[in-house]
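Computed from a prediction, not measured in an experiment: that's the story for all the values here. In this chain, numbering begins with 1 at the start of the sequence shown.
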Amino acid sequence: MRERILEAASELFYAEGFRAVSAEKIIARVGTTKVTFYRHFRSKDDLMVAYLERRAAEERAAIDEVLEAAGGDAQKALARAIDALMAAACQPGYRGCPFINAAAEYADPEHPVRLVVAAHRRWQLQAFERLLASIGVDDPAAAAGELMLLRDGAAVGGYLDDPDAVARALATAGLAIVRARSAAFA
């Protein structure tokens, strides 16, 4: 039942937003009772955190898969990571990054939702930094921050604009960042 509740909440939160989805709506979607719902999730906040933690784990697994598929070739891994981001943004029903969406709804940086968002963003930034360091980029921390900003813009642009155009712009801009900071890409 916990999985069914989490799955229903995941669909609703992503499609409609956190604040727009009540516990009652999730309970009705699953066809359970309030008692059962609250037995698995003490509060809606707990359910939102579980949803975001699941999404974070999925993204981490996807990035690990991309890196593994690149066979140790960091340049190929970077290109594949950009491709994977834009493939997600081109899917029907794409509504942007769930972490950016969550942060937009919860302004308090100490709210449990924002704490999960912050932890995941730190992980993303560190993943970019490790990848960039492995290909010899000068100042990988700064370049990682630039790629993170680019990733955020692509996540929003993939939702609001033509995803194919956003994909091309992301690839061009990402490569420009790497080239500007690395003699190996010049």
Side-chain angles (χ1 to χ4, degrees), residues 1-66 81 84-89 91-132 140-161 163 166 170:
M1 180 55 67
R2 177 182 169 78
E3 186 58 32
R4 285 180 49 209
I5 293 169
L6 186 53
E7 188 60 37
S10 296
E11 292 171 13
L12 290 168
F13 288 154
Y14 189 68
E16 299 177 24
F18 289 113
R19 294 195 185 273
V21 176
S22 65
E24 289 77 20
K25 188 170 192 171
I26 296 164
I27 290 165
R29 169 74 70 93
V30 174
T32 191
T33 65
K34 284 185 180 183
V35 171
T36 301
F37 176 90
Y38 288 109
R39 186 178 316 130
H40 293 284
F41 298 96
R42 290 186 359 226
S43 67
K44 183 179 161 190
D45 283 356
D46 287 346
L47 179 57
M48 292 184 299
V49 165
Y51 159 69
L52 289 170
E53 287 175 341
R54 172 193 265 189
R55 290 296 299 250
E58 291 169 353
E59 284 189 20
R60 290 174 184 171
I63 292 295
D64 288 344
E65 187 177 304
V66 163
L85 172 62
M86 291 322 303
Q91 295 296 316
Y94 181 74
R95 290 201 8 90
C97 170
F99 299 94
I100 292 172
N101 296 346
E105 289 194 51
Y106 291 89
D108 178 5
E110 297 304 315
H111 189 278
V113 163
R114 286 295 297 271
L115 295 174
V116 174
V117 170
H120 185 60
R121 289 182 64 77
R122 277 191 305 277
W123 176 86
Q124 286 179 317
L125 194 59
Q126 290 167 352
F128 278 143
E129 188 173 348
R130 283 190 309 275
L131 179 61
L132 292 165
E146 292 164 355
L147 283 180
M148 189 70 164
L149 183 63
L150 191 60
R151 174 246 176 249
D152 290 348
V156 173
Y159 173 53
L160 298 175
D161 302 321
V166 173
L170 175 64

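- Looking at Glu11 and Glu16, their side chains never come closer than 4.5 Å, going by heavy atoms from C-beta outward.
- In this structure, the side chains of Cys97 and Arg151 come closer than 4.5 Å at one or more pairs of heavy atoms.
- Leu132 approaches Ala144 most closely through the heavy-atom pair CD1-N, 3.4 Å.
- For Pro163, the side-chain contact (heavy atoms from CB on, under 4.5 Å) test picks out Cys90, with sequence neighbours left out.
- Here the straight-line distance linking atom CZ of Phe128 with atom CD1 of Ile63 works out to 6.5 Å at 0.5 Å rounding.
- Between Tyr159 and Tyr94, the angle of the ring planes goes over 60°, which puts this pair in the perpendicular group of the 30/60° scheme.
- Rounded to the nearest 0.5 Å, atoms CG (Leu115) and OH (Tyr106) are 13.0 Å apart.
- Between Ala119 and Arg60, the closest heavy-atom pair is O-NH2, 4.0 Å.
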TODO: Walk me through it: do Arg122 and Glu129 pass the test salt bridge (charged side-chain N to carboxylate O under 4.0 Å, His left out)?
DONE: CA-CA 10 Å; Arg122 277 191 305 277; Glu129 188 173 348; over 6 Å; no

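- The heavy-atom pair separating Tyr14 from Gly93 by the smallest distance is CE2-O, 3.6 Å.
- Glu65 is linked by a side-chain contact (heavy atoms from CB on, under 4.5 Å) to nothing, counting only residues two or more places apart in sequence or in another chain.
- Between Leu47 and Phe13 the shortest side-chain heavy-atom distance falls below 4.5 Å.
- Using a distance-only test at 3.5 Å, with no hydrogens or angles considered, a donor-acceptor pair links the side chain of Lys44 to the main chain of Val21.
- Nearest heavy atoms, Glu59 versus Phe99: OE2-CE1, 3.4 Å.
- To the nearest 0.5 Å, the span separating CD1 on Ile27 from OH on Tyr38 amounts to 5.5 Å.
- Not a single donor-acceptor pair under 3.5 Å links the side chain of Gln124 to the backbone N or O of Met148.
- Counting only heavy atoms from C-beta outward, the side chains of Met48 and Glu105 never approach each other to under 4.5 Å.
- The structure places CZ of Arg29 at 12.0 Å from CZ of Arg4, a figure rounded to the nearest 0.5 Å.
- Nearest heavy-atom pair across Ala107 and Arg114 is O-NH1, 3.2 Å.
- Ala50 approaches Arg2 most closely through the heavy-atom pair CB-NH2, 4.3 Å.
- Between Leu52 and His120, every side-chain heavy-atom pair lies at or beyond the 4.5 Å cut-off.
- Considering only heavy atoms from C-beta on, Arg121 comes within 4.5 Å of Asp152 through its side chain.
- Although no hydrogens or angles enter the test, the distance criterion places a donor-acceptor pair under 3.5 Å between the side chain of Asn101 and the main chain of Arg95.
- With values rounded to the nearest 0.5 angstrom, Gln126 atom CD is found 13.5 Å from Leu131 atom CG.
- Phe41 places none of its side-chain heavy atoms less than 4.5 Å from the side chain of Ile26.
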